[in-house]
Q: 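Have a look at this one.
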Amino acid sequence: MRIIKLDAIDSTNTYLRDLSSANLLEDYTVVSANKQTKGRGQMGAVWSSEESSNLTFSMLRVVSFLESDNQYYLNIVAALALTKLLSRYNIPKISIKWPNDILSVDKKICGILIENVIKQNKLSSSIIGIGLNVNQTKFINLPKASSLKLINGNHFNLDELLFELIKDFKFYFSILEKGGFLVLKSEYESLLFKKNKPSTFKNGEGELFSGFINGVTENGCLEVMLEDNKMQSFNLKEIELLY
Ligand code: BTN
């Protein structure tokens, strides 16, 4: 495993994507940064993280073995690797808020940004960006954010966490490479935040509605049982869980 450690960069995802387009990189090449000046989150959001306090890194994985119809399994692998790591460190009440925010005690401690490289209509490689809040203890204007240190009081070694997390990625990627879709999906669904609990959602038009999260579809949409007992699936732009 090759780790490129940077002091500061705009975004480790952008850096690794550019690097991989110009060079042949080995699997699990990691770019980590103490500071990102333009950290990126999902759906165009900004990802901010206190300098040198957290894990902010991106990892490259060759995924030409995966059909593009199954690319949601990369989110599943990433979320499961994180939950496995955190449970080893005794972080309580870990859940996955669809599609792949990692929560502990209902607070977000980790975000994942996956950007796939497609060549000639086929998946080629995946840039998996992880922002794990580790030793940061103040989150200004982010009432739903937390960190490992806030949750259990310990100061964590970032290098050790990164090394351990890559091991967990390797574990779940080996299941994916063997075609273990069912086992991955059912483990992921068992960890879904608010699964089978009455929940309120907002749709793309800003209207509120109620339902129960049932699971995810093969292509990563959220399956919700609505009040009329009809199951409906929603993509990321169509639904927001309010909590
Ligand atoms: C989210 O929850 O919105 C996803 C956040 C992902 C943040 C990480 S930090 C390392 C990598 N580089 C980025 O610019 N973003 C990801």
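In each ligand, atom 1 is the first atom listed, and ligand 1 is the first ligand listed. Here the structure is a predicted model, which means the values were calculated and not measured.
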Q: Look at the side chain of N23 and the backbone N and O of L25, then say whether any donor-acceptor pair between them is shorter than 3.5 Å.
A: no
Q: Which residue in the set I127, V30, I128 passes side chain to side chain contact (heavy atoms under 4.5 Å, CB included) when paired with S58?
A: I127
Q: If you count the atoms of ligand 1 from 1 in the order shown, which ones are under 4.0 Å from a heavy atom of T12?
A: 10 (C), 11 (C), 12 (N)
Q: Between E177 and R61, does at least one N-O distance fall below 4.0 Å, as a salt bridge requires?
A: yes
Q: Go through the structure and list residues passing salt bridge (charged side-chain N to carboxylate O under 4.0 Å, His left out) with D101, not counting sequence neighbours.
A: K97, K108
Q: Using a strict 4.0 Å cut-off to heavy atoms of G39, name the atoms of ligand 1 that fall inside it.
A: 14 (O)
Q: Check whether any heavy atom of A45 sits under 4.0 Å from an atom of ligand 1.
A: no
Q: Do the side chains of E164 and R88 get close enough for a salt bridge, i.e. N-O under 4.0 angstrom?
A: yes
Q: Between Y188 and Y72, is any pair of side-chain heavy atoms under 4.5 Å apart?
A: yes
Q: Quiz question: by atom type and distance under 3.5 Å, do the side chains of N116 and Q71 form a donor-acceptor pair?
A: yes
Q: List every atom of ligand 1 that sits less than 4.0 Å from any heavy atom of G41, numbering the atoms from 1 in the order shown and giving each element.
A: 1 (C), 3 (O), 4 (C), 5 (C)
Q: Ligand 1 and Q36, any nitrogen or oxygen pair closer than 3.5 angstrom?
A: yes
Q: Which atoms of ligand 1 are found less than 4.0 Å from any heavy atom of I112?
A: 2 (O), 4 (C)
Q: In the protein, what heavy atom is nearest to atom 5 (C) of ligand 1, and what distance, to one decimal place, separates them?
A: W47 CE3, 3.4 Å
Q: At a 4.0 Å threshold, what atoms of ligand 1 neighbour a non-hydrogen atom of R40?
A: 5 (C), 6 (C), 7 (C), 13 (C), 14 (O), 15 (N), 16 (C)
Q: Give the atoms of ligand 1, by number and element, whose distance to some non-hydrogen atom of D101 is under 4.0 Å.
A: 2 (O)
Q: Considering only non-hydrogen protein atoms, determine which one is nearest to atom 1 (C) of ligand 1 and report residue, atom name and distance to 0.1 Å.
A: Q42 N, 3.5 Å
Q: May I ask whether K108 has any heavy atom positioned less than 4.0 angstrom from an atom of ligand 1?
A: yes
Q: Is the shortest distance from a Lys or Arg side-chain nitrogen in E115 or R40 to a carboxylate oxygen in the other one below 4.0 Å?
A: yes
